[in-house]
Colleague: 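The structure's right below; bear with me while I get my questions together.
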Amino acid sequence: MNPVRDYPEVWLSFYRIVRRIPRGRVATYGQVALLAGKPRSGRHVGYALRALRGTKHRVPWQRVLGRRGARHGGISILDPMGAAAQRALLEREGVLFDAKERVSLEEYGWRPRR
DNA sequence: GACATGACGTAAT
DNA sequence: TATTACGCCATGT
């Protein structure tokens with residue numbers, strides 16, 4: 001069975017959005033939720049992405065960050081190993097973190113048209 | 001159905 | 001800028 005296909009439809013809509021985030025750019029959970037038509041379901045984007053651990057998929061989950069302020073994003077994964085993995089993946093595609101473990105959304109934020 | 005949980009976000013302090 | 005408080009809502013129990 002396909003581990004992704006069998007997830008709830010809401011989650012699939014999140015995955016569709018996340019797949020559109022280009023290499024080297026990042027989005028926030030709230031942004032993904034908004035684009036998926038669920039303005040106040042940012043938390044659930046995290047749920048959906050967490051469910052991908054250890055599965056075969058093509059979802060660039062590392063490009064989704066939590067809001068750390070008006071212009072910054074940061075890792076929200078609770079598991080330290082997962083957090084380190086996310087940072088490593090992002091740095092490998094050119095996304096740099098500042099001294100406070102934050103990413104500038106001005107610089108790396110994904111700004112989709114429509 | 002009630003209740004707790006959580007990879008969130010915003011406003012208030 | 002940092003911390004706290006609270007709203008939100010799909011899932012799992």
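These numbers come from the heavy atoms of this one structure, side chains and all, not from hydrogens, waters or symmetry mates. Chain identifiers are assigned alphabetically (A, B, ...) following the order of the sequence lines, protein sequences preceding nucleic acid strands; residue numbering begins at 1 within each chain.
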Colleague: State which of B/dG9, C/dC8, B/dA7 makes the closest approach to the side chain of A/T28.
Modeller: B/dG9
Colleague: Could you give the CG-to-C1' distance, from A/D98 to C/dT1, as a whole number of Å?
Modeller: 13 Å
Colleague: Rounded to whole Å, how long is the line connecting atom CD1 of A/I77 with atom P of B/dA7?
Modeller: 9 Å
Colleague: Give the nucleotide from the list C/dT1, B/dT5, B/dG9 with an atom nearest to the side chain of A/K100.
Modeller: C/dT1
Colleague: Are A/E107 and A/R102 close enough for a salt bridge, meaning some N to O gap below 4.0 Å?
Modeller: no
Colleague: Return the value, rounded to whole Å, for the distance between atom OH of A/Y29 and atom C1' of C/dC8.
Modeller: 17 Å
Colleague: What's the shortest heavy-atom distance between A/Y15 and A/A51, and which atoms?
Modeller: OH-CB, 4.2 Å
Colleague: From CD1 of A/I75 over to P of B/dC8, roughly how many Å is that when rounded to an integer?
Modeller: 12 Å
Colleague: Look at the side-chain N and O atoms of A/S41 and state whether any lies under 4.0 Å from the OP1 or OP2 oxygen of B/dC8.
Modeller: no
Colleague: Could you work out which one of B/dC8, C/dT11, B/dG9 sits closest to the side chain of A/S76?
Modeller: B/dC8
Colleague: Start with the C-alpha distance between A/R63 and A/W110, add both sets of side-chain angles, then the distance that settles side-chain contact (heavy atoms from CB on, under 4.5 Å), and finish with yes or no.
Modeller: CA-CA 9 Å; A/R63 297 176 193 153; A/W110 176 44; over 6 Å; no
Colleague: To the nearest Å, how far apart are A/M81 CE and B/dA7 C1'?
Modeller: 16 Å
Colleague: Within less than 4.0 Å of OP1 or OP2 of B/dC8, is there a side-chain N or O belonging to A/K38?
Modeller: no
Colleague: Using a strict cut-off of less than 4.0 Å between a Lys/Arg side-chain nitrogen and an Asp/Glu carboxylate oxygen, indicate whether A/R68 and A/E101 qualify as a salt bridge.
Modeller: no
Colleague: Base, sugar-phosphate, or nothing: which does A/W61 touch, judged by heavy atoms less than 4.0 Å apart?
Modeller: base
Colleague: Phosphate oxygens OP1/OP2 of B/dA7: is one of them under 4.0 Å from a side-chain N or O of A/R50?
Modeller: yes
Colleague: B/dC8 P sits how many Å from A/H72 NE2, rounded?
Modeller: 18 Å
Colleague: On a plain distance test, is the side chain of A/Y47 in donor-acceptor contact with the base of C/dA10 below 3.5 Å?
Modeller: no
Colleague: Atom CG of A/L78 and atom C1' of B/dC8: how far apart are they, to the nearest Å?
Modeller: 11 Å
Colleague: Got a second to check how far A/H44's NE2 is from A/L49's CG, nearest 0.5 Å?
Modeller: 12.5 Å
Colleague: Touch check for A/R67, heavy atoms < 4.0 angstrom, all strands: base, sugar-phosphate only, or nothing?
Modeller: sugar-phosphate
Colleague: How do A/L65 and A/H44 order along DNA chain B: which one's closest nucleotide is nearer the 5' end?
Modeller: A/H44
Colleague: How long is the line joining CG of A/L12 and P of C/dT11, in whole Å?
Modeller: 10 Å
Colleague: Between the base of C/dG7 and the side chain of A/R43, is there a donor and acceptor pair under 3.5 angstrom?
Modeller: yes
